[in-house]
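Only a predicted model underlies this, so the values are computations on that prediction, with no experimental measurement involved.
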Amino acid sequence: MGAINPKEDYTNIPHETFDAVIVGGGGSGMRASYQLAQAGLKVAVLTKVFPTRSHTVAAQGGIGASLGNMQEDNWHYHFYDTVKGSDWLGDQDAIEFMTREAPQVVYELEHLGMPFDRNADGTIYQRPFGGHSANYGEKAVPRACAAADRTGHALLHTLYQSNVKMGTQFFVEWIALDLIRNEAGDVLGVTAIDQETGKIAVFQGKATLFATGGAGRVYRASTNAYINTGDGLGMAARAGIPLQDMEFWQFHPTGVAGAGVLLTEGCRGEGAILRNKDGEPFMERYAPTLKDLAPRDFVSRSMDQEIKEGRGCGPKGDYILLDMTHLGAETIMKRLPSVFEIGKKFANVDITKEPIPVVPTIHYQMGGIPTNIHGQVVVPESRETQPLDANYNKDNDVYSTNAGERDFSKPIKGFYAIGECSCVSVHGANRLGTNSLLDLVVFGKAAGQHIIEYVTKQHDGAYEPLPTTVLEQTVARIRTLDESTTGENAQDVADAIRDIVQDHAGVFRTTALLEKGVKEILALEPRIRNIHLKDKSKVFNTARVEALEVENLYEVAKATLISAAARKECRGAHTVVDFELPPDHPSYPYGRRDDVWMKHTLWFSSDNRLEYKPVRYRPLTVDAIPPKPRTF
């Protein structure tokens with residue numbers, strides 16, 4: 001199968017064909033696969049771990065939808081909060097689509113059997129969450145539809161059971177290695193390796209869908225599972241597809257100090273309070289209206305500021321205390337049972353009796369593979385010929401660019417991406433809590449519907465011939481490791497990547513730090529190429545898997561630092577001290593420059609080139625939300 005000078009181990013490579021190949025068995029991948037299986041399509045789901053162990057399981061607090069079960073709410077308020085939360089880098093057409101669809105997809109989950117908590121009248125229980133408000137920012141609103149503090153767990157099991165019922169075919173503990181593209185640039189499938197046997201196979205689909213999750217393990221301290229190494233991003237980048245807005249990484253305010261394990265924002269939704277060493281509920285100073293329920297980027301910076309100004313807790317003054325003692329043991333055990341267990345196991349704290357130490361910890365990537373609302377991966381139609389000028393004029397509410405007729409959203413035939421690995425962009429520069437699970441199910445369903453249309457009506461039914469070089473890149477990567485005799489340990493190189501990203505792209509950034517980080521990450525490339533695999537065995541060789549993951553982490557690290565160093569402003573989760581300004585600055589509140597930087601970043605791996613594309617400022621059916629200072 002191609003001119004690869006095959007050796008004995010790599011002959012007779014299996015070639016599997018499906019209507020759709022889905023890479024990733026988390027919330028978004030299984031929502032899409034369920035949609036496809038319902039339509040009778042032949043679907044393969046490749047998943048790195050057993051589906052119910054995907055990182056969606058770690059989502060605790062809830063899924064956002066304006067059901068209005070606790071008090072008045074509607075999708076217009078949710079739309080406004082999400083645009084404001086994104087710091088006006090979110091695309092307002094995609095945000096409208098997601099928030100309008102939210103109630104419907106939640107009711108669909110309910111009908112599939114998802115065990116939401118209930119109110120006395122039988123309706124779904126909802127709790128307040130950071131950045132979610134009623135009447136356009138007037139007061140906090142309960143919008144997070146919760147299953148105790150195990151919402152992601154409940155979602156995964158519901159979707160897995162639904163897929164088993166429909167006969168979806170899962171390839172468990174298979175790892176996708178490389179994207180297959182033909183000369184026209186169409187995507188035809190992936191190559192993958194079976195961890196159990198070490199065997200390689202080709203999975204060809206009329207449509208290929210990436211639902212590979214995030215890349216939080218590119219940071220040293222992270223709430224992310226060890227499987228979150230940016231595999232989909234690495235595969236896309238190596239295949240010539242740009243990554244969008246990779247400078248924007250969310251630090252969750254409440255990771256357990258010293259452990260990094262997540263404590264859900266649902267704690268603060270239930271009434272938990274952040275306190276400094278003096279016991280002061282300091283968020284009242286930073287966000288007088290929403291207080292502890294301000295958006296995550298805002299709360300994380302406020303916590304860091306308290307620590308920097310000497311009001312941190314503990315012997316070193318390096319953490320903040322999250323106080324839940326006033327909630328009472330009954331409420332905690334009913335609404336936050338997992339948080340109680342985490343406190344005991346990771347901090348040796350009984351949260352019913354004493355506060356727990358927390359620090360901002362990397363949690364979520366807002367950037368990813370660029371897509372539209374149908375999940376189609378989209379790229380600019382041509383290479384940039386002049387720098388993009390994007391300007392928002394607040395005097396007449398006009399967003400304009402010099403892009404002319406250039407198409408920035410040309411779909412790649414046969415290729416889709418959803419979930420955290422994608423960038424629609426509904427989250428912009430900062431994601432609101434509960435919008436992640438919503439993103440998974442809304443765009444999982446939307447991509448599924450579009451693939452059904454594409455496979456049944458637009459595709460001619462025949463499989464495209466595979467390129468003769470289909471296995472060259474994959475086999476070369478495997479052989480390089482198998483034939484290595486000297487070199488570095490994969491985890492030593494991975495740790496070097498994490499140290500560079502952690503130290504140079506934190507909550508507060510500086511131009512000098514970011515530029516130094518770019519130089520250090522680029523200088524690391526020879527070490528990436530010099531990884532030695534000591535254990536050459538085939539069966540469940542986790543050392544081989546880790547070595548292959550390093551290449552994906554490296555692509556993510558380069559995209560993050562290069563994109564961040566180029567953005568000369570403060571916006572959402574990207575705060576550069578050099579450009580910080582007061583919130584009441586007449587032109588640039590907090591240092592956000594809408595006259596220059598209201599545009600998306602595109603990073604290309606082949607030459608570390610950056611291009612930019614406009615924000616989609618106009619929603620689908622309602623008026624746009626004009627930019628203004630983000631106060632809470």
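Using a 4.5 Å heavy-atom threshold, the side chains of T52 and V57 count as separate. Side-chain contact between K599 and E611 is absent, with no heavy-atom pair separated by less than 4.5 Å. Looking only at side-chain heavy atoms (C-beta outward), I412 and R181 come within less than 4.5 Å of each other. In this structure, H600 and D91 have side chains that are in contact, with non-hydrogen atoms separated by less than 4.5 Å. Between I497 and I528, some side-chain heavy-atom pair lies under the 4.5 Å cut-off. Looking only at side-chain heavy atoms (C-beta outward), V378 and K613 come within less than 4.5 Å of each other. At a threshold of 4.5 Å between non-hydrogen side-chain atoms, the residues Q60 and I342 count as touching. Side-chain contact between V190 and L179 is present, with heavy atoms from C-beta onward closer than 4.5 Å.
More than 12 heavy atoms of other residues, nucleotides or ligands sit less than 6.0 Å from atom CZ of R527. Annotation: E341, atom CD; neighbour count of heavy atoms from other residues, nucleotides and ligands within 6.0 Å is above 12. More than 12 heavy atoms of other residues, nucleotides or ligands lie within 6.0 Å of NZ in K568, so this atom counts as buried by the packing criterion. Within 6.0 Å of CZ on F540 lie more than 12 heavy atoms contributed by other residues, nucleotides or ligands. Other residues, nucleotides and ligands contribute only 12 or fewer heavy atoms inside 6.0 Å of the NZ atom of K519.
Side-chain contact check for H574 and D87: no donor-acceptor pair (N or O, by modelled atom type) lies under 3.5 Å. D149 and T264 are not linked by any side-chain donor-acceptor pair at a separation below 3.5 angstrom, with hydrogens and angles left out of the test. There is no side-chain donor-acceptor pair under 3.5 Å between D297 and Q250.
With respect to K199 and D194, no salt bridge is recorded, no charged nitrogen being found less than 4.0 Å from a carboxylate O. A salt bridge links R567 with E569; the closest basic N to acidic carboxylate O contact falls under 4.0 Å. R431 has no carboxylate O lying under 4.0 Å from a charged side-chain N of D439, or vice versa, which leaves the two without a salt bridge. Salt-bridge annotation for D482 and R544: present, with a side-chain N of the basic residue lying under 4.0 Å from a carboxylate O of the acidic one.
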I'd like to know whether Q169 forms a side chain to side chain contact (heavy atoms under 4.5 Å, CB included) with V43, so could you lay out the CA-CA distance, the side-chain angles of the two residues, the decisive distance to 0.1 Å, and finally the verdict.
CA-CA 6 Å; Q169 188 171 356; V43 183; over 6 Å; no

Could you give me the CA-CA distance, side-chain angles and deciding distance for S33 and N163, then say whether side-chain hydrogen bond (donor to acceptor under 3.5 Å, both in side chains) is met?
CA-CA 7 Å; S33 63; N163 273 278; 2.7 Å; yes

Evaluate side chain to side chain contact (heavy atoms under 4.5 Å, CB included) for R609 paired with E384, printing each intermediate quantity in order.
CA-CA 10 Å; R609 180 176 88 255; E384 188 174 78; 5.9 Å; no

For Q244 and S425, run side-chain hydrogen bond (donor to acceptor under 3.5 Å, both in side chains): C-alpha distance rounded to whole Å, both residues' side-chain angles, the deciding distance at 0.1 Å, then the answer.
CA-CA 9 Å; Q244 179 174 316; S425 155; 4.7 Å; no

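Taking the six-membered ring for Trp, H427 and Y364 have ring centres closer than 6.0 Å. Annotation: F210 is in aromatic contact with F415 [ring centroid separation under 6.0 Å].
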For a quick test of your reading: what N or O donor-acceptor pairs under 3.5 Å do the side chains of residues 230-238 make, sequence neighbours left out?
from : atom 1 : to   : atom 2 : distance (Å)
D231 : OD1    : T229 : OG1    : 2.7
D231 : OD1    : N552 : ND2    : 3.0
D231 : OD2    : K48  : NZ     : 2.7
R238 : NH1    : N552 : OD1    : 2.8
R238 : NH2    : L177 : O      : 3.0
R238 : NH2    : N552 : OD1    : 3.3

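Judged purely by atom type and a 3.5 angstrom limit, S338 has no side-chain atom pairing as donor or acceptor with the backbone of R150. Remark: side-chain polar atoms of D578 are not paired, donor with acceptor, to backbone N or O of T510 under 3.5 angstrom. Under a 3.5 Å cut-off, the side chain of T361 and the backbone N or O of V359 do form a donor-acceptor pair. E265 contributes a side-chain N or O that, together with a main-chain N or O of G130, makes up a donor-acceptor pair within less than 3.5 Å. At distances below 3.5 Å, at least one donor-acceptor pair connects side-chain atoms of N541 with backbone N or O atoms of S537.
Screening W603, F604, W597 for a ring pair (Phe, Tyr, Trp, His ring centres under 6.0 Å) involving Y612 leaves a single residue, W597.
F171 and W174 have perpendicular rings, their planes meeting at more than 60° on a 0 to 90° scale where under 30° would count as parallel.
In this structure, R301 is not positioned above the aromatic face of F508 in the sense of NZ or CZ being under 6.0 Å from the six-membered ring centre and within 45° of the axis.
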